Amino acid sequence: MGRSFRYVIIGGGVAAGYAALEFTKKGVSHGELCIISDEPVAPYERPALSKGFLLPEAPARLPGFHTCVGANEERLTPNWYKEHGIELILGTRVESIDVRRKTLLTTTGETISYKFLIIATGSRAVKLEEIGIKGSDAENVCYLHDLADATNLVNIMQKCSGGNAIVVGGGYIGMECAASLVANKINVSIVFPGPHCMERLFTPKIASYYEDFYKSKGVNFVKGTSLSSFEFNSEGMVTGANLRDGRQLPADMIVVGIGARPNTDLFTGQLTFENRGIKVNNHLQSSNPSVYAVGDVASFPVEFSGDTRRVEHVDAARRTARHAVSAIMDPNNTLEFDYLPFFYSRVFSLSWRFYGDNVGEVVHFGDFSGSKFGAYWKNNGSLVGCFLEGGSDDDYVKIAKAVRDKAMVVDLGELLRVDQKPPLSP
Ligand code: FAD
Ligand code: NDP
């Protein structure tokens with residue numbers, strides 16, 4: 001015999017935290033909602049782990065960044081869950097699930113049944129072994145996905161002050177960690193196979209601005225090649241890396257950021273999949289009507305681009321979570337999920353945002369030798385995406401609206417003054 005809840009959320013990350021808050025807003029009763037997480041702490045804002053958490057001075061620490069502070073909402077401490085009668089089962093993994101019978105089994109041997117299930121299991125970091133390189137077990141090889149990883153990374157950084165780090169991967173983790181390593185007085189080489197950093201989003205011109213900025217902070221970019229193996233000392237610590245182009249780099253520590261994979265194995269063969277994620281409709285409902293998927297695992301229809309997407313970013317996690325709860329608890333007043341892709345990052349003193357899609361013709365604007373510049377993408381005469389570094393809150397509201405409206409680009413020169421007056425007519 002096990003316990004039974006009306007609503008169960010598997011996973012206790014960003015989406016779970018925002019879902020919990022939405023459940024209370026929609027009037028969930030005490031004892032109706034249960035969240036099961038294999039992390040030992042209540043849901044927190046994961047983006048803090050690669051930013052404030054890694055700062056050498058006044059670093060962010062829990063309980064400071066529990067959800068939902070990232071969206072300027074209430075901070076849900078463990079006590080908050082108690083006060084709201086939400087059962088928070090921490091440090092416990094869901095081992096198996098039977099969506100037909102609406103039951104799941106945890107690693108503690110408990111069986112839990114539900115009426116509605118929300119899958120919020122997020123993703124995991126891709127391991128070096130998956131790209132044919134041994135060494136993940138070495139003490140000074142770091143990944144960054146959860147609080148335990150971030151705590152380990154901080155400890156290793158403290159031991160390596162003044163030493164050398166190799167960052168593997170030039171994506172989000174690579175770029176954000178490289179900046180944090182510099183702040184911790186560690187010499188950084190960043191290695192990735194592409195021609196420039198953030199290849200899937202940045203244009204060569206945008207990438208060149210950030211790479212030059214990093215170089216001015218002492219970062220060494222090793223592009224167009226990748227890791228082939230590590231050198232180890234007698235204690236099993238990595239001391240250097242061999243690259244495919246024959247070069248060797250010394251290392252006191254390694255940080256790996258070579259992508260993520262959604263945690264969906266529990267549902268293989270039970271739900272419909274797309275883009276490696278759980279396929280949901282525009283109410284975040286999966287192929288089983290009692291099961292919803294949100295955050296990194298959800299592959300949802302995006303009307304803006306006319307396709308189905310899985311988005312590994314926090315804004316999507318927050319919005320899909322709120323929407324799924326609304327669809328479950330208040331279906332008659334819940335419209336179809338309407339999502340505008342939005343990504344951002346903050347490194348050093350820099351801060352950028354991107355809205356929409358980077359397809360079609362790209363036009364750069366602004367002062368690339370200054371602090372405010374960007375690029376927009378137009379497709380068939382309409383604005384479909386915009387990147388802006390150094391904008392004000394007001395600028396970002398304007399570009400988000402222009403992109404959402406797919407505004408017609410009437411005068412490209414006008415767009416350069418995006419912060420002064422609306423350059424586009426809807
Ligand atoms: P997660 O927040 O990953 O939560 C999933 C939870 O489920 C975890 O607690 C996990 O342990 C748990 N879980 C998984 N399987 C099981 C199981 N079987 N049983 C029990 N529990 C389970 N995005 C941005 O837009 N901006 C950023 O600046 C940014 N920074 C980031 C920094 C880092 C270091 C990382 C790793 C990601 C960052 N992201 C950022 C991405 C963003 O954090 C994710 O898209 C978001 O956290 C996804 O939310 P989620 O709830 O789907 O998954
Ligand atoms: P990304 O997908 O952003 O980047 C992976 C990087 O690894 C790419 O530069 C990729 O190059 C590179 N790569 C792939 N294979 C190799 C290889 N063999 N050797 C070296 N580099 C390689 O993933 P991350 O790991 O950076 O981030 C993990 C997750 O965390 C993602 O879901 C991301 O969205 C999230 N995150 C988001 C942040 C944000 O939104 N600000 C901040 C931090 C994390 P290529 O592109 O050429 O394949």
Side-chain angles (χ1 to χ4, degrees), residues 9-19 35-51 53-54 67 70 89-97 104 106-107 118-126 128 130-133 143-150 153 166-177 190-201 222-228 243-244 255-267 277 293-298 310-318 320-321 342-347 352-354:
I9 302 175
I10 311 184
V14 171
Y18 282 79
I35 298 174
I36 309 165
S37 176
D38 61 2
E39 286 197 74
V41 290
Y44 57 86
E45 301 285 356
R46 200 164 301 279
L49 298 183
S50 53
K51 302 173 191 67
F53 197 90
L54 302 182
T67 54
I89 305 178
L90 298 176
T92 303
R93 196 169 174 72
V94 172
E95 207 167 56
S96 64
I97 181 147
L104 57 85
T106 71
T107 39
I118 299 183
I119 307 167
T121 44
S123 47
R124 63 167 181 85
V126 173
L128 285 170
E130 294 172 66
I131 58 165
I133 291 157
Y143 289 87
L144 182 54
H145 194 82
D146 58 19
L147 188 65
D149 295 337
L153 179 54
I166 300 175
V167 172
V168 186
Y172 285 97
I173 291 284
M175 293 302 280
E176 292 187 6
C177 286
I190 177 164
V191 183
F192 52 86
H196 64 73
C197 66
M198 297 288 294
E199 206 187 337
R200 270 166 285 160
L201 180 62
V222 184
K223 304 190 275 188
T225 187
S226 58
L227 205 63
S228 75
L243 307 184
R244 291 202 192 280
V255 180
V256 183
I258 54 169
R261 293 283 177 275
N263 293 319
T264 53
D265 289 356
L266 289 172
F267 303 94
V294 296
D296 285 5
V297 294
R310 207 174 54 73
V311 181
E312 290 172 1
H313 291 272
V314 75
D315 177 62
R318 292 170 181 156
T320 52
F342 164 52
F343 316 124
Y344 72 91
S345 185
R346 293 190 300 273
V347 285
W352 59 260
R353 294 190 195 182
F354 173 84

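All values below were derived from every heavy atom in this structure, side-chain atoms included, with hydrogens, water molecules and symmetry-related copies excluded. Just so we're clear, the structure is a prediction, and the values are computed from it rather than from any experiment. Both counts, for ligands and for their atoms, begin at 1 and track the order of listing. Along the sequence shown, residues carry numbers from 1.
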Whether the side chain of [X] engages the backbone of [Y] through a donor-acceptor N/O pair (distance < 3.5 Å, no angle test) should be reported.
| X | Y | result |
| --- | --- | --- |
| Ser50 | Glu176 | no |
| Asn263 | Thr121 | yes |
| Thr92 | Leu90 | yes |
| Thr320 | Gly295 | yes |
| Arg46 | His145 | yes |
| Ser226 | Phe192 | no |

Taking 4.0 angstrom as the limit and counting only heavy atoms of [X], give me the atoms of ligand 1 inside it, by number and element.
| X | answer |
| --- | --- |
| Ala317 | 48 (C), 49 (O) |
| Ile173 | 34 (C) |
| Ile36 | 20 (C), 21 (N) |
| Glu39 | 8 (C), 9 (O), 11 (O) |
| Lys51 | 27 (C), 28 (O), 29 (C), 30 (N) |
| Ala120 | 5 (C), 6 (C), 7 (O) |
| Ser37 | 9 (O), 20 (C), 21 (N) |
| His145 | 3 (O), 36 (C) |

Sequence-distant partners of Tyr44, ring-ring contact (aromatic ring centres under 6.0 Å, His included), two or more places apart: Phe65

ring-ring contact (aromatic ring centres under 6.0 Å, His included) partners of Phe342, counting only residues at least two apart: Tyr344, Tyr355

Using 0.5 Å steps for rounding, measure from the [atom1] atom of [X] to the [atom2] atom of [Y].
| X | Y | atom1 | atom2 | answer |
| --- | --- | --- | --- | --- |
| Cys177 | Leu144 | SG | CG | 4.5 Å |
| Ile258 | Ile133 | CD1 | CD1 | 7.0 Å |
| Leu201 | Trp352 | CG | CH2 | 5.0 Å |
| Phe354 | Ser345 | CZ | OG | 14.0 Å |

List the closest protein heavy-atom neighbour of [atom]: residue, atom name, distance to the nearest 0.1 Å.
| atom | value |
| --- | --- |
| atom 48 (C) of ligand 1 | Asp296 OD1, 3.1 Å |
| atom 18 (N) of ligand 1 | Val94 O, 3.1 Å |
| atom 39 (N) of ligand 1 | Pro47 CG, 4.4 Å |
| atom 7 (O) of ligand 1 | Gly11 CA, 3.1 Å |
| atom 10 (C) of ligand 1 | Asp38 OD1, 3.4 Å |
| atom 42 (C) of ligand 1 | Val314 N, 3.9 Å |
| atom 3 (O) of ligand 1 | Arg46 NE, 3.1 Å |
| atom 47 (O) of ligand 1 | Val14 CG2, 3.3 Å |

Please indicate whether any nitrogen or oxygen in [X] is less than 3.5 Å from any nitrogen or oxygen in ligand 1.
| X | value |
| --- | --- |
| His313 | yes |
| Val311 | no |
| Ala15 | yes |
| Leu266 | no |
| Thr92 | no |

Would you call [X] and [Y] a side-chain contact if the rule is heavy atoms closer than 4.5 Å?
| X | Y | value |
| --- | --- | --- |
| Tyr143 | Leu153 | no |
| Ile9 | Ile119 | no |
| Phe343 | Val311 | yes |
| Leu49 | Leu147 | yes |

Short N-O contact, Glu45 and Arg318, less than 4.0 angstrom: yes

Electrostatic pair Arg310:Glu312 at N-O distance under 4.0 angstrom: yes

For Ser123, all residues meeting side-chain hydrogen bond (donor to acceptor under 3.5 Å, both in side chains), sequence neighbours excluded: Asp296

Counting heavy atoms only, which part of [X] comes closer than 4.0 Å to ligand 1: side chain, backbone, both or neither?
| X | answer |
| --- | --- |
| Arg346 | neither |
| Val297 | neither |
| Glu312 | backbone |

Below 3.5 Å only, please: the N or O atoms of ligand 2 paired with protein N or O atoms, distance on each line.
| from | atom 1 | to | atom 2 | distance (Å) |
| --- | --- | --- | --- | --- |
| ligand 2 | 2 (O) | Arg200 | NH2 | 2.8 |
| ligand 2 | 3 (O) | Tyr172 | N | 3.2 |
| ligand 2 | 7 (O) | Gly257 | O | 3.3 |
| ligand 2 | 9 (O) | Gly170 | N | 3.2 |
| ligand 2 | 9 (O) | Gly171 | N | 3.1 |
| ligand 2 | 23 (O) | Gly259 | N | 3.4 |
| ligand 2 | 25 (O) | Gly257 | O | 3.4 |
| ligand 2 | 25 (O) | Ile258 | N | 3.4 |
| ligand 2 | 25 (O) | Gly259 | N | 2.8 |
| ligand 2 | 26 (O) | Tyr172 | N | 3.1 |
| ligand 2 | 26 (O) | Ile173 | N | 2.8 |
| ligand 2 | 32 (O) | Glu312 | OE1 | 2.5 |
| ligand 2 | 34 (O) | Glu312 | O | 2.8 |
| ligand 2 | 40 (O) | His313 | ND1 | 2.8 |
| ligand 2 | 41 (N) | Glu176 | OE2 | 2.9 |
| ligand 2 | 41 (N) | Tyr344 | O | 2.8 |
| ligand 2 | 47 (O) | Glu199 | OE1 | 3.2 |

Residue selection (non-hydrogen contact nearest atom 15 (N) of ligand 1) among Thr121, Val41, Ile97: Thr121

Of the listed options Ala148, Ala293, Gly122, Gly12, closest to atom 6 (C) of ligand 1 (non-hydrogen atoms): Gly12

Sub-4.0 Å heavy-atom approach of Phe343 to ligand 1: no

